[in-house]
Amino acid sequence: MRRLGSASQLVAPVALLALVGLAGSFTSRSVQFQFRFALVMATIVIALYVFVRNSGVVSFGHVSFVAVGAFAAGLTTVPEALKLSLSPDLFPIIASAEVGNAMSLGLAAAVGGLFAFLVGVALMRLSGLAAGIATFAVLVITNNVLRNWEAIGPGARTLSLVPETTSFMQGTVGVIAVAILAFLYQRSRWGRVLRASSEDPYAAQGSGVNIYRQRLVAFTLSGALAGFAGGLFVHLLGSITTQQVYLDLAFLTLAMLVIGGVGSLWGAVVGALLVSGVNSLLLSAEDGIGLGFVDLDVPTGTRLVTLGAVMALIMLFRPTGITGGREIRLPGLR
Amino acid sequence: MDALQTIIDAIALGSVYALVAMGIGLVFGVMRLVNFAHGELITFGAYALVLTNHLPLVVGIVVCFATVIGLSLAMEVAYRPLRTSPPTTMLVTTFAVSFLLQAVALLAFGARGQNANVLEKLNTAVSIGDLRVRWVTLVSIAVGAVLLSGTALILRRTDIGLQMRAAAMDFRTAQLLGVRATTVIRFAFVLAGVLAACATVLLVVSRPLVTPGYGFQLVIPALVGVVVGGLDRLTSATLGGFAVGFAASVLGDVLPADGRVFLDTALFLLVIVVLLVRPGGLFTRSRAAWERV
């Protein structure tokens with residue numbers, strides 16, 4: 001019964017994600033994009049959640065792994081001629097690489113994980129504020145290098161004509177797979193040990209926990225998931241620039257996690273879906289939409305002000321997020 | 001001679017960063033809060049200068065100071081619920097406030113830059129021997145030196161300064177001894193506002209194009225400097241800000257032309273290295289243990 005009870009904590013987020021995937025596929029074409037976007041955002045937020053929740057260290061840098069994943073998946077699915085016309089200095093191995101859709105997603109996860117591992121080896125000794133600043137530095141460096149080094153990507157230009165393969169099927173299956181991995185990790189011995197170390201580092205070290213190694217494991221896993229999410233992201237958009245995977249996305253995903261509640265997988269999923277929904281609504285309201293009885297038409301920029309205000313207010317008055325950081329328990333399955 | 005020129009420019013930029021860093025450090029001292037939104041004080045101060053462009057300079061500067069100090073005081077009120085929060089909550093909250101204020105600026109003033117032409121005369125150069133130094137460089141260094149030592153004097157020689165230092169050392173004990181929490185915190189925000197307003201006026205002279213991200217771009221390196229220098233003491237935080245400004249300016253001069261686009265990479269790599277070697281701060285005496293800061 002206890003096993004069943006803990007598994008029930010996974011049922012609710014997965015069911016919600018599946019429901020969103022299913023509901024979205026019955027909507028009109030333009031709305032469909034918003035639904036798939038929400039699913040990809042949820043993937044990124046869960047990846048971020050894996051590290052932040054278990055280690056207790058805030059990371060501003062996870063969008064770096066999304067970025068490398070996105071460019072890895074994008075560059076390996078675009079024809080060679082196009083790549084070379086965008087940036088003639090591309091390394092031959094990148095220019096000639098061409099793989100299928102599934103393979104490109106796997107590659108994105110591998111690149112994201114490897115990059116996170118390398119960054120983690122250096123940074124996981126830091127904690128608190130120093131760690132936050134250092135991960136921020138990683139984000140700045142990644143963006144700066146991707147934007148200017150034309151041997152590894154299109155530089156400041158737009159990488160376009162990426163196959164738009166992130167369908168409802170792929171998006172939903174992808175995000176659910178990531179949610180299950182996140183859940184398995186947090187129930188595993190490693191996940192528990194890392195959470196213990198974030199609650200009381202001295203007691204954990206006294207019990208023989210190597211905090212550095214445990215954080216590195218979480219960071220690498222979380223980086224691989226973020227890379228995978230980046231792959232889904234680029235295959236959703238069909239084109240990408242370095243600025244799309246930089247500060248704004250970092251803020252948006254962090255806001256989603258915090259608004260939902262850092263303390264639970266349920267919070268990460270709810271936050272991502274809810275904020276995506278509000279975001280899409282405001283985005284179309286900026287273009288003007290009719291809601292049947294009223295016409296909603298708000299000035300450009302309202303979206304960002306609303307998001308910022310909601311996030312600031314939630315942080316100030318309900319810092320554990322709207323779910324209170326608790327996993328949901330289905331009634332009857334205690 | 002070239003080297004001297006590089007150093008003078010670097011000291012000037014370092015001084016401005018030191019002003020920003022000291023503001024962040026003052027607030028951190030009494031509240032253990034790192035204010036990401038410190039940059040927006042500068043952004044809104046700069047917009048105040050834009051809006052008062054057609055008015056006499058004195059009016060513009062007064063409005064700029066009033067805006068920045070007013071906004072700083074508003075932040076103090078907004079951050080009150082955070083006083084007992086864990087550091088991560090504080091960090092993310094101020095990040096959200098920063099984002100909110102940038103969005104407000106975007107809504108109010110648009111994404112396109114607006115020009116604030118104040119004190120343009122300071123951009124003319126003066127020759128000292130073989131050196132050609134802009135007036136603003138000299139003024140920055142002078143203003144930086146005066147303000148930094150002025151703040152140090154306030155902290156050392158006045159009652160409120162003593163209370164602030166006590167609060168920074170041990171807030172609870174200071175409170176028990178009769179230090180009023182709100183008074184010292186509010187005073188820290190006022191001082192931070194004054195320093196930010198001065199930094200704004202100096203910055204706008206050499207970079208008159210004001211955008212919603214104006215202050216954010218600046219506060220990131222300054223914030224990094226504060227952490228790199230060491231948050232525990234105001235002096236080390238200020239020195240850290242100075243060091244990052246200095247390093248950015250020198251790197252900008254030293255890097256070859258085609259490598260200059262990687263300035264950020266070089267600067268932030270340097271920061272990571274420093275954080276790894278001395279996680280407690282570059283200018284602190286002790287190597288901090290695991291869970292400090």
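Here is the naming used below: chain letters follow the sequence lines, and residue numbers restart at 1 for every chain.
Residues L223(B) and F136(A) fail the side-chain proximity criterion, which asks for heavy atoms closer than 4.5 Å.
Contact annotation for residues 138-146 of chain A against chain B (heavy-atom separation below 4.5 Å, listed by residue number): V138(A), V140(A), I141(A), N144(A), V145(A).
Of the listed residues G132(A), G56(A), A122(A), the one with more heavy-atom pairs under 4.5 angstrom with chain B than any other is A122(A). Per-residue heavy-atom pair counts under 4.5 Å with chain B were compared for V52(A), L123(A), N148(A), and the maximum is reached by N148(A).
A312(A) approaches T93(B) most closely through the heavy-atom pair O-CG2, 4.4 Å. Closest non-hydrogen pair, F317(A) versus P81(B), comes out as CE2-CG, 3.9 Å.
With a threshold of 4.5 angstrom between heavy atoms, V224(B) approaches chain A through its backbone and through its side chain. The contact between L254(A) and chain B is made entirely by side chain atoms (from C-beta outward), counting heavy-atom distances below 4.5 Å. For V258(A), the part lying near chain B is the side chain, with the backbone staying farther off; criterion is any non-hydrogen pair under 4.5 Å. Heavy-atom distances place no part of L313(A) under 4.5 Å from chain B, backbone and side chain included. Within the 4.5 angstrom heavy-atom criterion, no atom of A255(A) approaches chain B. Contact of L101(B) with chain A is not made at all, since no heavy-atom distance falls under 4.5 Å.
Partners of F36(B) by ring-ring contact (aromatic ring centres under 6.0 Å, His included), not counting sequence neighbours, listed by chain and number: F60(A), F95(B).
Of the candidates V104(B), L107(B), L100(B), L106(B), L304(A) forms a side chain to side chain contact (heavy atoms under 4.5 Å, CB included) with just one, namely L106(B).
No more than 12 heavy atoms of other residues, nucleotides or ligands shown are found within 6.0 angstrom of CZ on R207(B). Shown here is R213(A), whose CZ atom has no more than 12 heavy atoms of other residues, nucleotides or ligands within 6.0 Å. Enclosure of atom CZ in F262(B) by more than 12 non-hydrogen atoms of other residues, nucleotides or ligands within 6.0 angstrom is indicated.
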Practice prompt. Could you check F99(B) against D248(A) for side-chain contact (heavy atoms from CB on, under 4.5 Å), going step by step and ending with a plain yes or no?
Written response: CA-CA 9 Å; F99(B) 189 85; D248(A) 282 357; 4.2 Å; yes
